[in-house]
Amino acid sequence: MVFQTILFCIPPPSLLSFSGWIDLAMFGPWMLSQVAVALITIQRETAQKRLEVIEQELLARTEELVESNHQLGQANHLKDLFLSRASHELKTPITVIRGQVYLGLRLLSHHATDVSVELAPLHTRLKKVDTQTHRLQALVNDLLDLSSLQAMNLPLRVTECDIRSICNEIVDDQCALSGRPFDLEITNDPLILQADCLRISQVITNLVINAVKYSPEGSVIGVQISQEQSSIILQVHNDGPAIPQEEQATIFEPFYRLASAQSSSKLGSGLGLSITKEIVERHEGQIWVESAEGKGTTFFVQLPL
């Protein structure tokens, strides 16, 4: 409720004649003070009205933001639901296709000598189909992983993990598969972490494979694991092209691929780093990248002990 103040100034009768100038001079300061009080009161009322208008506008904006946030939440939920269901539905036909291709290849190999000239290229064609369905199955599995991780539907099987042992095994495997040299810096002592060993292995594998994929042939891949106070720091370095600063903030988003990667012949879905980030954050860890021309690219993962 707003109270308005109305002031009435009634001059004394003596001021109505010219003989009351002295009284007027005495009455003047009082009159001016009353006018000042009236102006201050008007300013307060105006400010109060403006404040009420601003509060109403802020309330309306807040309600709009709450509604927008609710709609975004629903859209995100529908997106996760679609990815999950679509991925599950795709798994069955992919499995059937791979099974039929496998049977066809097996049949051709058993009757290789009896295959006619017209059917000779069939083996090559089926091998290509098998390769592409394998890629498709890997993509579907990645979609399921990402959807489950984001929806918190994928429970972590937390046990004692020796990060040193996991890292040694992954580096040995990738060295054998890629033929690339690795520079592994790691302590001789076990580094025990309470985590999902399978998922942590997935994190390290994704980062190492990316380092191999996006670096020059024959260049060394650096892998370093160290313990700092109450956390373990993993570093995976490669000497490939630098990641532009403006793209470093979005490289962990789903389906995002660097502009240079999109124009290259290297295949990828843009999900590996997204899944890696989700796994790290589910372990209450952090992941980031540092990259500069002439210095290569290093991915960092920090996991609490």
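Small disclaimer: the values here were computed from a predicted structure and weren't measured.
- The number of heavy-atom neighbours closer than 6.0 Å to CD of E246, taken from other residues, nucleotides and ligands shown, is above 12.
- The aromatic rings of F300 and W288 lie parallel to each other, with less than 30° between the two planes, well short of the 60° mark.
- Side chain of Q174 to backbone of I209: no donor-acceptor contact under 3.5 angstrom is found.
- Nearest approach of A292 to A242, heavy atoms of both residues: C-CB, 3.5 Å.
- Closest non-hydrogen pair, P304 versus G285, comes out as CD-CA, 4.0 Å.
- Side-chain atoms of N206 and T276 include a donor-acceptor pair closer than 3.5 Å.
- Atom SG in C161 sits 7.0 Å away from atom CG in D196 (nearest 0.5 Å).
- Within the 4.5 Å cutoff, no side-chain heavy atoms of S215 are placed close to those of D239.
- Shortest non-hydrogen contact noted between V101 and L126 is CG1-O, 3.4 Å.
- Annotation: side chain of L234 is in contact with side chain of V223 (closest heavy-atom distance under 4.5 Å).
- Atom CD1 of I186 sits about 6.0 Å away from atom CZ of R164, to the nearest 0.5 Å.
- For S274 (side chain) and F252 (main-chain N/O), a donor-acceptor pair under 3.5 Å exists by modelled atom type.
- Under the 3.5 Å distance criterion, the side-chain polar atoms of H237 are left unmatched by any main-chain donor or acceptor of F299.
- At a threshold of 4.5 Å between non-hydrogen side-chain atoms, the residues R180 and S219 count as touching.
- Listed for the D162 side chain is a donor-acceptor partner under 3.5 Å among the backbone atoms of L191.
- Smallest separation of non-hydrogen atoms from V301 and L303: CG1-CG, 3.8 Å.
- In this structure, the side chain of T62 engages the main chain of L58 through a donor-acceptor pair within 3.5 Å.
- E169 CD: 12 or fewer foreign heavy atoms inside a 6.0 Å radius.
- Taking 4.5 Å as the limit, some side-chain heavy atom of H283 sits within range of a side-chain heavy atom of I200.
- A donor atom on one side chain and an acceptor atom on the other are not found under 3.5 Å apart for T298 and Q235.
- Across all their heavy atoms, S291 and I243 have their closest contact at OG-N, 2.7 Å.
- In terms of heavy atoms, V212 sits closest to S178 at CG1-CB, 3.8 Å.
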